[in-house]
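What follows is a short report on a single structure.
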Amino acid sequence: MKSVLSERAAQLKPSATLAISAKEKELKSQGIDVIGFGAGEPDFPTPPRIREAGKNSLDRGDTFYTPVGGTLELRKAVVRRFSEDYGLEYKPENVVVSCGAKHSLYNIFQAIISQGDEVICIAPYWVSYPEMVALAGGKPVIVQTSEKRMFEPEIEAIASSMTSSTKAIILNYPSNPSGLMYSEKFLNELASLVSKKDLLVISDEIYDKLLFDGKKYTPFATLPGMKSRTITVNGVSKTYAMTGLRIGYLATDSMEVVKATTNIQSQSTSNPSNTAQAAAVEALSGPQGEVSEMRAIFERRRELIIDLINQIPGLSVIKPDGAFYAFVNISNFVGKSGVSGSVDFAQYLLEKHHVACVPGTPFGSDDHIRLSFATNEQIISEGMRRIKTACSEL
Ligand code: PMP
Ligand code: GLU
């Protein structure tokens with residue numbers, strides 16, 4: 001029998017982050033005491049006011065289809081946040097709501113990529129970007145960075161990765177997996193470069209509200225001349241601890257992109273859940289106090305985990321500016337006791353010491369593992385104790 005799969009599907013890798021979370025849950029269900037540093041999702045319950053809004057929506061009987069790109073109320077709530085938080089002015093018709101920021105990104109790549117178009121991804125990158133670009137028929141072009149430069153690329157490296165097929169660049173700061181920001185200098189240089197080369201920028205700003213040390217966020221679209229060429233992606237998963245409710249969105253001045261992504265959605269998933277949209281309206285419009293409370297807790301956890309990592313001989317890490325990830329350099333252990341890279345190292349941690357983390361390879365670096373600190377301080381301490389033992393035994 002001929003292969004049942006399309007070439008596209010046959011080549012697609014599963015999401016490593018979700019695969020680790022699934023493995024972690026499976027081991028826990030077998031009664032194994034696994035410490036989970038895998039999942040990139042807040043461990044907090046969704047704030048009560050947001051859950052209430054979802055329940056009220058169901059009780060009102062709002063269980064019908066909504067407009068494909070989201071209710072007007074939700075799109076207005078998104079517009080209000082952009083305006084109040086950053087002075088970025090959009091209209092509700094510039095916003096398309098989807099089933100998570102991941103879905104918004106998927107729709108964007110489907111909408112903008114023709115066969116062979118290139119999209120620049122800066123390493124280390126979130127696992128899903130290259131796969132989504134490839135799934136749309138495009139070619140991810142990876143720009144390497146170094147820890148010496150805090151994973152910030154040289155602008156020349158980006159310029160020299162561009163060809164006549166380059167369509168867009170995808171940005172994500174603070175970054176999953178490093179938690180690092182880019183400097184204002186780099187962002188401004190990039191703005192000049194993309195103007196000169198007439199490129200689109202997709203800015204995945206899902207961690208914009210999880211920034212530490214009192215740092216202020218600069219959305220890419222607020223840089224001079226950038227609003228018209230930036231598609232901003234965000235969502236409620238991380239900021240409001242709503243991962244399972246699946247609401248994300250894009251905002252863009254380009255009505256072509258709005259129309260194309262809405263059409264794609266209309267022929268695939270239709271609108272995101274009506275109930276989840278009602279909850280997201282409350283998340284974005286109601287009092288924002290929980291956001292800073294959760295951020296403060298993440299900041300304390302960052303201090304703890306970074307301190308504990310630094311106490312382990314052989315490991316090193318750059319302190320993240322935001323998000324809830326530590327991208328830990330494990331290269332000192334490569335070659336020891338048969339550990340050939342990050343996949344082996346992560347497997348060793350999981351199988352021998354019952355600590356789940358994501359290997360760096362799917363993020364574009366085999367020298368690292370990613371530890372998510374979206375988990376409580378007791379678990380962090382115990383997990384790091386196990387990692388210390390694991391490293392000493394290699
Ligand atoms: N972008 C980045 C960088 C992420 O880490 C994630 C993971 N949740 C997403 C997008 C997608 O988030 P969601 O689909 O839950 O909105
Ligand atoms: N984005 C999170 C992570 O990187 C959640 C999993 C996913 O959506 O891939 O772990």
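These figures come from a predicted structure and were not determined experimentally.
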>> I'd like to know whether D208 forms a salt bridge (Lys or Arg N to Asp or Glu O under 4.0 Å) with K216, so could you lay out the CA-CA distance, the side-chain angles of the two residues, the decisive distance to 0.1 Å, and finally the verdict.
In response: CA-CA 9 Å; D208 66 332; K216 290 261 176 302; over 6 Å; no

>> Would Y86 and F82 count as a ring pair (Phe, Tyr, Trp, His ring centres under 6.0 Å) here? Give the steps.
In response: CA-CA 6 Å; Y86 301 120; F82 276 119; 7.2 Å; no

Can you confirm whether [X] sits close enough to [Y] that some side-chain heavy atom of one is under 4.5 Å from a side-chain heavy atom of the other?
X	Y	answer
V141	T166	no
V143	C121	no
I169	I158	yes
D367	I330	no

> Between R81 and L284, is there a donor-acceptor pair closer than 3.5 Å when you use the side chain of the first and the backbone of the second?
Replying inline: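 Side chain of R81 to backbone of L284: a pair is present.
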
> Is there a donor-acceptor contact under 3.5 Å from the side chain of N274 to the main chain of Y65?
Replying inline: no

Which of these passes side-chain contact (heavy atoms from CB on, under 4.5 Å) with [X]: [options]?
X	options	answer
V355	I387, V34, I369, L350	I387
V133	V119, I170, I120	V119
Y90	T252, V78, T232	T232

> Of E282, K209, Q288, which meets side chain to side chain donor-acceptor pair (under 3.5 Å) against Y240?
Replying inline: Q288

>> So if I apply the ring-ring contact (aromatic ring centres under 6.0 Å, His included) rule between F324 and each of F212, F373, F298, which one comes out positive?
In response: F298

>> Parallel, tilted or perpendicular, judged at 30° and 60°: which one describes the rings of Y325 and Y207?
In response: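 The rings of Y325 and Y207 stand perpendicular, inter-plane angle above 60°.
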
Is any side-chain N of the basic residue among [X] and [Y] closer than 4.0 Å to the acidic one's carboxylate O?
X	Y	answer
D253	R229	no
E118	K167	no
E41	K238	no
K215	D321	yes
R302	D307	no
D43	R301	yes
E299	R295	no
K319	E303	yes
K76	E73	no

Can you name the closest pair of heavy atoms from [X] and [Y] and give their distance?
X	Y	value
P92	R75	O-NH1, 3.2 Å
V68	T262	CG1-O, 3.6 Å
S237	R246	OG-NH1, 3.6 Å
P272	Q265	CD-NE2, 3.9 Å
N234	A101	O-CB, 3.8 Å
M294	A241	SD-CB, 4.1 Å

No-hydrogen, no-angle side-chain donor-acceptor test under 3.5 Å, [X] and [Y]:
X	Y	value
S285	R80	yes
D117	S165	no
S175	S178	yes
N329	S331	yes

Kindly check if the number of other-residue, nucleotide or ligand heavy atoms within 6.0 Å of [atom1] ([X]) is above 12?
X	atom1	value
K227	NZ	yes
Q311	CD	yes
Q267	CD	no

> For Y217 and Y173, what are the C-alpha separation, side-chain angles and deciding distance, and is it a ring pair (Phe, Tyr, Trp, His ring centres under 6.0 Å)?
Replying inline: CA-CA 9 Å; Y217 195 77; Y173 56 90; 5.3 Å; yes

>> Please evaluate residues E256 and K259 with respect to the criterion salt bridge (Lys or Arg N to Asp or Glu O under 4.0 Å), reporting the C-alpha separation (whole Å), side-chain torsions for both, the decisive distance (0.1 Å), and the verdict.
In response: CA-CA 5 Å; E256 268 183 300; K259 199 165 161 214; over 6 Å; no

> Stepwise, does the ring pair (Phe, Tyr, Trp, His ring centres under 6.0 Å) test hold for H368 with F345?
Replying inline: CA-CA 9 Å; H368 295 81; F345 190 87; over 10 Å; no

